[in-house]
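What follows is one structure encoded as structure tokens, with my remarks underneath.
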Number of protein chains: 2
Amino acid sequence: MTDRNLFSDAITQAHLFSGLGEEEVSRIFGLGRRSVYPSGATIFREGDPAVMCCLVLAGRLKLTKLHEEGKEIIVRYVPAGELAAAAALFAEKKYPVTAQVVDQAEIIGWDHETMKDILLTHPRLAVNMMRVVIERLEELQSRHLELHAERVEQRIARALLRIMEQSGRKTEEGILIDFRLSRRELADYTGTTLYTVSRTLSSWEKQGWIASGRERIVIIDPHALMLFAEKD
Amino acid sequence: MTDRNLFSDAITQAHLFSGLGEEEVSRIFGLGRRSVYPSGATIFREGDPAVMCCLVLAGRLKLTKLHEEGKEIIVRYVPAGELAAAAALFAEKKYPVTAQVVDQAEIIGWDHETMKDILLTHPRLAVNMMRVVIERLEELQSRHLELHAERVEQRIARALLRIMEQSGRKTEEGILIDFRLSRRELADYTGTTLYTVSRTLSSWEKQGWIASGRERIVIIDPHALMLFAEKD
DNA sequence: GGTTGTCTTTGCGCCGGCGCAAACAAGGGA
DNA sequence: TCCCTTGTTTGCGCCGGCGCAAAGACAACC
């Protein structure tokens, strides 16, 4: 069993390839180009012509979007098994975000011609992919609503919980977020400033809900955070 | 020529049906259920089981999302020719938003079984539909960024311009937004309060950039607004 | 025509969160 | 090992925007 199959085993389970045979998936994988990127690498940049649809096989990406003069937001973290840059399906489009590697990552990319062919010959995959995109849309709608309706501290709590669910690793201390995550990044993700994030985390640390260090956060009491996020 | 064909003429041009033959579109239309709703009617409610994908043939919908205790945002206005509730493609899903009729509207709806069949037998339509959803996603990402990075007044300016592009009608006074749009709704769309919107519009009215009345806005000087939205 | 309900305007006071500045902490590289 | 870069904390002052309250404007309906 080659490592290609090894991956498809893991990925086939995912929504994206549900309903497709294993060898079908293998063939589709064969049409893409696989590569490994080091931590910190930029896969593509916002505004560049979109040439490749990417599937993350291992590691993690960070998608960011820039506003005039430096302000940036983190649109999403992309864990292994998920798609980035579905927009690249359409030839004339530009990447709407920048993708950077957080953990060392392995990625498989298809150019639009290829991907469009694949979709037209595997309608099942097209429907699955639509589902993925729609779910992304719904998640973003929810975050958008949070941004309107909730105080900053609640948004930070929710963000921590969301990231914890995606990337938490149980340790004896509590649930560790297993990639470098700075105050600055958390601020860009929640739409606030690094100062406010720092103050907030400090206060939670005093309450014993979390423990944190340089680019490192451990959630000790998720339940307390959850209550805090929900409370009026 | 029946009025069904009349509509397909108008709609076929749209992205959604590009690359499909006219009779093919006709047949697809035939599989859905058409109905007319009066202004103010609710087509579906957030949280209800999603049963129908809707295409707006005429009129306009407003999509809203609720937060605990009354706060609501307007996710989007859906003009004629566009899809609402693509999520309803997937049987177990719930509507993520509430859809209400703004102008009297004619709508064609397909249940998930039907729509999924259509997509699986018309991969071309699936790809087109993906494009529509992806463009929606990108628009929302942009608005999300604006919400982070821009002052309230700039967001209101941008919102007005966006709505003007979609629904502006040229009059001798200026460009009229041709549906009822209250201060409250503009506030829910831009993530602020009706007070702030009112104050802002008043000030612009004094500058001669707009004219407004009860649930009615005319943009006199779009260029001024554009500069204002862009300015640092 | 009068009445009623909804939409809008504007004054006023308050406060959450921003952002500079400055000090401190933690790595990483030579 | 020391230095230098990058991240974090915290004090302090300021202000944009919120939200109540009360009055005015408009539309619709009897």
Side-chain angles (χ1 to χ4, degrees), chain A residues 38-40 62 67 69-74 100 102 146-157 159-160 177 179-207 210-218 228 231-232, chain B residues 38-40 62 67 69-74 100 102 146-160 177 179-207 210-218 228-229 231-232:
Chain A
S39 194
K62 178 175 85 171
H67 198 256
E69 305 309 323
K71 284 223 180 191
E72 88 171 20
I73 57 163
I74 294 176
Q100 279 173 292
V102 178
E146 285 172 21
L147 197 50
H148 280 206
E150 286 174 2
R151 307 284 101 216
V152 164
E153 296 193 340
Q154 293 180 307
R155 291 188 336 241
I156 299 174
L160 266 190
I177 288 173
F179 62 95
R180 298 199 171 287
L181 180 68
S182 70
R183 307 291 186 265
R184 179 67 214 245
E185 286 173 312
L186 202 44
D188 289 340
Y189 187 67
T190 52
T192 178
T193 61
L194 93 136
Y195 308 108
T196 302
V197 169
S198 176
R199 282 184 258 265
T200 305
L201 294 191
S202 291
S203 113
W204 291 347
E205 192 146 15
K206 284 196 190 87
Q207 314 235 9
I210 66 166
S212 77
R214 186 193 177 91
E215 297 183 309
R216 184 178 158 283
I217 300 176
V218 180
F228 182 88
K231 88 147 178 273
D232 200 28
Chain B
S39 194
K62 179 175 82 170
H67 197 257
E69 305 310 324
K71 282 222 180 192
E72 89 172 18
I73 57 163
I74 295 176
Q100 280 173 292
V102 179
E146 286 172 21
L147 197 50
H148 281 205
E150 284 174 3
R151 309 284 101 216
V152 165
E153 296 192 341
Q154 292 180 306
R155 294 191 332 244
I156 299 174
R158 266 191 222 282
L160 266 191
I177 288 173
F179 61 96
R180 297 201 172 286
L181 179 69
S182 70
R183 305 294 185 265
R184 179 69 215 240
E185 286 172 312
L186 201 44
D188 289 340
Y189 187 68
T190 51
T192 179
T193 61
L194 94 131
Y195 308 110
T196 301
V197 169
S198 176
R199 282 185 258 266
T200 304
L201 294 191
S202 291
S203 113
W204 291 347
E205 192 147 14
K206 283 193 191 90
Q207 313 235 10
I210 66 166
S212 78
R214 187 193 178 90
E215 297 182 312
R216 183 179 159 285
I217 300 176
V218 180
F228 182 88
K231 88 147 177 272
D232 201 26

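Quick note on labels: first sequence line is chain A, next is B, and so on, each numbered from 1. All heavy atoms count here, side chains included; hydrogens, waters and symmetry mates do not.
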OP1 or OP2 of dC18(C) under 4.0 Å from side-chain N/O of T196(A): yes
Rounded interatomic separation in angstrom, taking CG from D188(B) and P from dC18(D): 12 Å
Check: R199(B) side chain, dG19(D) base, donor-acceptor under 3.5 Å: yes
Any T193(B) side-chain nitrogen or oxygen under 4.0 Å from OP1 or OP2 of dG19(D): no
Y189(B) side chain near L181(B) side chain, heavy-atom distance below 4.5 Å: no
Backbone N/O of S198(B) and side chain of S202(B): donor-acceptor pair under 3.5 Å: yes
Donor-acceptor pair present, R155(B) side chain and dG16(D) base, under 3.5 Å: no
DNA chain D: 5'-proximal contact among V197(A) and R180(B) (nearest heavy atom): V197(A)
Integer-rounded Å distance: dG17(D) P and H148(A) NE2: 14 Å
Sugar-phosphate, base or nothing in reach of S182(B), heavy atoms under 4.0 Å: sugar-phosphate
Identified side chain to side chain contact (heavy atoms under 4.5 Å, CB included) partner of T192(A) from the options V152(A), T200(A), L186(A): V152(A)
Residue Y195(A), side-chain heavy atoms: nucleotide from dT10(D), dT8(D), dT10(C) that is nearest: dT10(D)
Any T192(A) side-chain N or O less than 4.0 Å from OP1/OP2 of dC18(C): yes
Integer-rounded Å distance: dC20(D) P and L194(B) CG: 11 Å
Nearest-Å distance for atom pair CG/P, residues L201(A) and dT8(D): 9 Å
Atom-to-atom span, NZ of K71(B) to P of dC18(D) - whole angstrom: 8 Å
Atom pair distance, as rounded to whole Å: CD in E215(B) and P in dG5(C): 17 Å
Any donor-acceptor N/O pair, R155(A) side chain to T190(A) backbone, under 3.5 Å: yes
Residue V152(A), side-chain atoms from C-beta onward, closest of dG7(D), dC7(C), dG17(C): dG17(C)
Short side-chain to backbone donor-acceptor contact, E72(B) and D188(B), under 3.5 Å: no
Donor-acceptor pair, side chain of E146(B) and main chain of Q154(B), under 3.5 angstrom: no
Phosphate OP1/OP2 of dT10(C) contacted by S202(B) side-chain N/O (<4.0 Å): yes
Among dG16(C), dT8(D), dG17(D), the nucleotide that comes nearest once only the side chain of R151(B) is considered: dG17(D)
Presence of R183(A) side-chain N/O under 4.0 Å of dT8(D) phosphate oxygens OP1/OP2: yes
Protein-nucleotide distance (R184(A), atom CZ; dT8(D), atom C1'), rounded to Å: 13 Å
Length of the CD1-P vector between I217(B) and dT8(C), whole Å: 8 Å
base_contact_polar (dT6(D) base, R214(A) side chain, donor-acceptor, <3.5 Å): yes
